[in-house]
There are 2 protein chains.
Amino acid sequence: MSLLKSKILVVASDLFQTRGINSTGVDTIVAVAGTTKMTLYKYFRSKEDLILEVLEKGHQDFQNWLNDKLTSSTKKPSEKLQKLFDFIEEWVTSPNFRGMGFIKASAEFPNEENPVHQLSSEQSRQFRQYISSLASEANIQDADGLALQLSLLFEGAVQAEQMKRGSGAMKYAKKAAKILIDGALTHTV
Amino acid sequence: MSLLKSKILVVASDLFQTRGINSTGVDTIVAVAGTTKMTLYKYFRSKEDLILEVLEKGHQDFQNWLNDKLTSSTKKPSEKLQKLFDFIEEWVTSPNFRGMGFIKASAEFPNEENPVHQLSSEQSRQFRQYISSLASEANIQDADGLALQLSLLFEGAVQAEQMKRGSGAMKYAKKAAKILIDGALTHTV
DNA sequence: AGTGATTTATACAGTTCTATATAAAATATT
DNA sequence: AATATTTTATATAGAACTGTATAAATCACT
């Protein structure tokens, strides 16, 4: 991928997160990225295309990072589930954390027919599905149910953290997650 | 309050929730409300003023409704806490539910110096504080901690419901809340 | 019916935004 | 060095948005 294109992606991701997507114009993006609109529109057909690619990249980066961490940490499915929130906390508190794109994008594009909304909704579903597969491997009965509960905690915590940085929400989300996971594990098949 | 003013507030609240705040122009609001911009700007100094009043009204309506429900349902503090999520579910699934304003507003206005962001952040804090006071009355040790966890579940569920209507998130949020509340109640002072 | 306040209709100034056109400059390739 | 590609600089079309000006129309009240 072109250096300029990835630079634009990084800058756009940053600005979208800190100023909002609709409030960030392409002029601002190219100015911060140190390039021009002509170049931006060479690599992205439209602003919407840019938004979609930013979301896609952010989600893939997160999923890859999380999956690598989990698979290299332990092979026991139940332990993976337990460590999930530790890694999520590590991700959220890392200096290059720019927020979970799909959480904000769905708020800024509430129309269910909007491509940006659809992508963020799909990413949210994928993430929940990933947690559910971990729960299934740990032989938890209602894997989808637990996955939903954990994702609620996670998304709530990310939002709280976005709303007020250093809120300590992640700490209590972890405690709650542990209670829910432990409870579900004692009712395994 | 003037009929037109409250009509504008209702319409704006509806449009902000369904199309997003930044994506909704004042022209659209007055067209749907069946009035003109002149009248809108008579009652609201600016669009930002309108947003703030919409948020304020939405939050007060919710808090008043919830408090009335809780105080008239039971006098036992621990039962209030248990019934909290039942009423919240009732609110969220009611036909005139237009979403929790402060959740989306903070996403659309991420800048912490923005008045809209500040108000939604304050409302989020107030709601958490309200839950915490219920937990305190029920003699729960870490009342603030439980309140934070419950609000994470709540905000996560509202967002999930906004992202995909009829997701059933509230049902699992309630189950998780019950587990957390029961756990906290067994460790009371 | 007549007076005063409210509301509408319409136009528009001024800004911002997405997206494109065109030509010059810089960079890479042969 | 000459050619081809990429990138910049600049201008601008065209739409959308906030907010205001002005005059006509409607409404409330006496």
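Below, chain A is the first sequence line, B the second, and so on; all start at residue 1.
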What is the separation between atom [atom1] on [X] and atom [atom2] on [N], rounded to the nearest whole Å?
X: B:Lys47; N: D:dG19; atom1: NZ; atom2: C1'; result: 12 Å
X: A:Leu3; N: D:dT8; atom1: CG; atom2: C1'; result: 17 Å
X: B:Ile51; N: D:dC17; atom1: CD1; atom2: P; result: 13 Å
X: B:Ile8; N: D:dT18; atom1: CD1; atom2: P; result: 14 Å
X: B:Glu48; N: D:dC17; atom1: CD; atom2: P; result: 18 Å
X: B:Tyr41; N: D:dG19; atom1: OH; atom2: P; result: 4 Å
X: A:Met38; N: D:dT8; atom1: CE; atom2: P; result: 11 Å

Assign the ring pair A:Phe154 / A:Phe127 to parallel, tilted or perpendicular, where the plane angle (0 to 90°) is split at 30° and 60°.
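Because their plane-to-plane angle lies in the 30° to 60° range, the rings of A:Phe154 and A:Phe127 count as tilted.
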
Which class fits the ring pair B:Trp91 and B:Trp65: parallel under 30°, tilted 30 to 60°, perpendicular over 60°?
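Rings of B:Trp91 and B:Trp65: tilted, as their planes differ by 30° to 60°.
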
Using the rule given for side-chain contact (heavy atoms from CB on, under 4.5 Å), can you reason through B:Lys76 versus B:Lys80, listing the C-alpha separation, both sets of side-chain angles and the distance that settles it, and then say yes or no?
CA-CA 6 Å; B:Lys76 280 193 172 178; B:Lys80 276 190 191 172; over 6 Å; no

So does A:Thr35 get a side-chain nitrogen or oxygen closer than 4.0 Å to the phosphate oxygens (OP1/OP2) of D:dT8?
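Checking A:Thr35 against D:dT8: at least one side-chain N or O falls below 4.0 Å of OP1 or OP2.
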
Please confirm whether the shortest side-chain N or O distance from A:Thr36 to OP1 or OP2 of D:dT10 is below 4.0 Å.
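No, outside the criterion.
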
Please work out if A:Lys37 contacts a base, only the sugar-phosphate, or nothing of the nucleic acid, heavy-atom cut-off 4.0 Å.
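Base, at least one base heavy atom under 4.0 Å.
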
Within the structure shown, what part of the strands sits under 4.0 Å from B:Tyr43 by heavy-atom distance: base, sugar-phosphate, or nothing?
sugar-phosphate

At their closest point, which heavy atom of B:Thr71 faces which heavy atom of B:Asp68, and how far apart are they?
OG1-O, 3.2 Å

To the closest 0.5 Å, what do you measure between CG (B:Leu180) and CD (A:Gln149)?
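Reported to 0.5 Å precision, the distance equals 8.5 Å.
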
Find the distance between CG (B:Leu150) and CD1 (B:Ile181) and round it off to the nearest 0.5 Å.
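Rounded to the nearest 0.5 Å, the CG-CD1 separation comes out at 5.0 Å.
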
When you list every nucleotide of DNA chain C with an atom under 4.0 Å from a heavy atom of chain B, which one comes first 5' to 3', and which comes last?
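For DNA chain C, the relevant span reads C:dT6 to C:dA9.
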
For DNA chain C, whose closest nucleotide is more 5', that of A:Ser23 or that of A:Arg45?
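Closer to the 5' end of DNA chain C: A:Ser23.
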
Cation over ring, B:Lys5 on B:Phe44, under 6.0 Å and within 45°?
yes

